[in-house]
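The chains referred to below are lettered A, B, ... by the order of the sequence lines, with proteins before strands, and numbering in each begins at 1. Just so it is clear, the values below take in all heavy atoms, side chains as well, and ignore hydrogens, waters and symmetry mates. Since we're looking at a predicted model, the values are computed, not measured.
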Amino acid sequence: MVAPNRDLDTQTVTTLARAARLELPADRVDTLAPLTADIYALIDSLDAVSPGEVPPATAFDARRR
Amino acid sequence: MEPYELPLTEASARIKARELSPVELVDSALARLEQVEPHLNAFACVTADAARNAARMAQEEIATGRYRGPLHGIPVGVKDLYDTAGVPTTSSSRVWEGRVPDADAVTVEALGRAGMVLLGKTHTHEFAYGPITPTTRNPWNVGCIPGGSSGGSGAAVAAGVCTVGMGTDTAGSIRIPAALCGTVGIKATYGRVSRRGIAPLSWSLDHAGPLTRHVTDAALVLGAIAGYDQRDPACVDVPVPDYTQGLDDGIQGLRIGVPRNYFFEHVSTDVERGVRQAISVLEGLGASVREVEVPYAELTLATEWAILMPEASSYHQKHLRDRPDHYTPDVRELLEAGELIFATDYIKALRVRTLMQRAWADLLDEVDIVVTPGMPCAAPEAGATDVTWEDGAAENITFALTRLTSPSNLTGLPTLAVPVGFDPAGLPVGMQIIGRPFEEATILRVGRAYEAASDTVGRIADVTA
């Protein structure tokens, strides 16, 4: 999958948090922005696979083979 | 030898034969607790009076012919995540300060039916959200962490305070403290043990299970707590075998897979040496060993955290808004960050998990078990934020301590942690044994075979300041 990098500055984190109905004071945003950037970068590594038609595994199912 | 030092099976045999009373055993455990707790802080709450009462009751039952079985009168510490009726249960968090449940978790009820004696509630990394357990120290070196999140149970078992400690495991939280404290620990198949009455971290990854000094102890406790609970949607209605049956039957002909990728990368020399020696021991006992490629291993952390974080943030959504200052800073940050993960990313991780589960199922057609290092390193020093590897690379401690254990949470596969020795600094190192779904008996048999052939399992730490 080809996708642009996420552009994550403190303003974006504030906006995302508001969209999640989470009020964050400025000092919290400063702390949270780098962590969120790291987590997004980690999650973006999933782009390495293409799940195609594969459905989600919401939990382990012993019957699934 | 003091009663608290007795292996569970020996204490149990003496109790059954009325050569040792549960009161003597519990008094001995409480004396040990008093001795080491100032150095470890393994307990969120100690229930000494209730424990002595329960021990007296057990003694009376046994004296009047009502012996309940091998766990009767055996002391247990229960992670503060498990509800215990009438006993404070806070998940080691100010958020739940003063919370006292009116009912036991299903597993705590089961331990009570088996006659176990609750010594107290053991510390967890707050709400099980971390592999450190910063409240608590490692009995082998009190300058080091015990691992987490079931760190209180790991420390208490390794120090000899509890014969058994209960834990939970979402990204390795039974196996991490088991490896770093040098105990046995088992995370059974997802759905094998009810989680009802245990505070969730991530519903689709959470497991409950014991940390013990010996493999047979783990088999006994798992037998007591395993079983179907229709009110835990994860639970599967599969008959529970007697896990002690065939435990000593050996491993002749067993096919062991040893990963050639991922599991030995950025692993300390001491850990690698210890685990490879343990694999040689298993080979010497008649198993065949072959290298295997672990599928999608490089996506483990991305998949695990993309699932765990939004699930955890969902559970804590209200508290995070009502009393954010009551969380410790690291947990608060993770909960806030989890609010910002997109649903599409979460579902993508769930789809990758499907691929992982299918690929592991294929892998476990080729071999019977997979053996890997339990942790990439021995216990880090308290306060460390990174692990620095021999090539100079620094790795975030949370990712370092969860990257080898998380595959078993994503796949739901049963996994046993077994100590394989000590590094030159005297800190334990361990391996994990991963098996097929609901084949806990196999991984226990492998662990028991290794235990019988080595002298690394069942040691009690001296605990010195």
Side-chain angles (χ1 to χ4, degrees), chain A, chain B residues 189-192 203-207 233-234 236 238 296 298-299 301-307 309 313 317 320-321 324 329-330 332-342 345-358 361-362 365 396 399 408-413 436-438:
Chain A
M1 186 174 97
V2 180
N5 288 334
R6 306 191 207 223
D7 186 12
L8 197 74
D9 56 18
T10 52
Q11 183 55 50
T12 311
V13 170
T14 304
T15 305
L16 284 170
R18 280 193 189 137
R21 298 180 297 163
L22 183 65
E23 284 300 325
L24 292 178
D27 63 319
R28 296 297 308 160
V29 173
D30 290 342
T31 306
L32 195 56
L35 173 65
T36 307
D38 288 348
I39 296 296
Y40 280 177
L42 183 66
I43 290 173
D44 287 347
S45 68
L46 296 176
D47 290 351
V49 293
S50 176
E53 301 302 312
V54 173
T58 49
F60 169 73
D61 183 348
R63 294 161 298 186
R64 182 184 292 135
R65 285 289 302 192
Chain B
T189 309
Y190 184 80
R192 175 79 287 183
W203 296 276
S204 75
L205 296 165
D206 289 343
H207 301 66
V236 185
V238 174
Y296 301 106
E298 70 285 0
L299 300 179
L301 284 174
T303 311
E304 171 80 19
W305 287 87
I307 295 170
M309 291 182 73
S313 294
Q317 196 171 37
L320 187 62
R321 284 155 181 76
D330 65 321
R332 180 178 173 183
E333 270 170 45
L334 287 169
L335 290 173
E336 287 170 345
E339 296 255 3
L340 310 185
I341 292 175
F342 290 87
D345 286 327
Y346 170 71
I347 293 167
K348 186 177 188 175
L350 294 177
R351 297 172 75 201
V352 173
R353 174 156 69 171
T354 302
L355 293 170
M356 284 182 181
Q357 290 178 350
R358 289 176 180 172
D362 290 342
D365 280 341
N396 171 284
F399 289 159
S408 297
N409 299 87
L410 291 165
T411 57
L413 295 171
R436 298 189 187 114
F438 298 103

Chain B interface, residue from A/Ala19, A/Pro55, A/Ser45 that has the most non-hydrogen pairs under 4.5 Å: A/Pro55
Is B/Thr303 close to chain A through its backbone or its side chain, or both, or neither, when contacts mean heavy atoms under 4.5 Å? both
Does any heavy atom of chain B fall under 4.5 Å from the side chain of A/Leu16, the backbone, both, or neither of them? both
What are the two closest non-hydrogen atoms of B/Arg351 and A/Gly52, and how far apart are they? NH2-O, 2.5 Å
Chain A heavy atoms under 4.5 Å from B/Met356: which part of the residue, side chain, backbone, both or neither? neither
Is there a side-chain contact between A/Thr31 and B/Glu336, using heavy atoms and a 4.5 Å cut-off? no
Report which part of A/Leu35 has an atom under 4.5 Å of a heavy atom belonging to chain B: side chain, backbone, both, or neither. side chain
Applying side-chain contact (heavy atoms from CB on, under 4.5 Å), name anything that partners B/Asp330, two or more places apart in sequence or on another chain. B/His125, B/Thr328
Output the distance between atom CG (B/Leu340) and atom CG (A/Leu24), rounded to the nearest 0.5 Å. 7.5 Å
Backbone N or O of A/Pro56 within a donor-acceptor pair of the B/Arg353 side chain at under 3.5 Å? no
Would a 4.5 Å heavy-atom cut-off, applied to side chains only, mark A/Asp38 and B/Asn396 as touching? no
Look at the side chain of B/Arg321 and the backbone N and O of A/Glu23, then say whether any donor-acceptor pair between them is shorter than 3.5 Å. no
Qualifying residues under ring pair (Phe, Tyr, Trp, His ring centres under 6.0 Å), relative to B/Phe399, sequence neighbours excluded: B/Trp305
Which atoms of A/Leu46 are under 4.5 Å from chain B, going by heavy atoms: the side chain, the backbone, both sets, or neither? both
Testing the basics here: between A/Leu42 and B/Leu301, what is the closest heavy-atom pair and its distance to 0.1 Å? CD2-O, 3.8 Å
Quick check: do A/Asp47 and B/Lys348 have side-chain heavy atoms less than 4.5 Å from each other? yes
Just give me the residue among A/Thr36, A/Asp44, A/Ile43 that pairs up with chain B most often, heavy atom to heavy atom, under 4.5 Å. A/Ile43
Using non-hydrogen atoms only, which part of B/Ala234 is less than 4.5 Å away from chain A: side chain, backbone, both, or neither? neither
Atom group of B/Arg436 that falls short of 4.5 Å from chain A, counting heavy atoms: neither
Greatest number of heavy atom pairs closer than 4.5 Å to chain A - which of B/Gly191, B/Pro233, B/Ala349, B/Ala337: B/Ala337
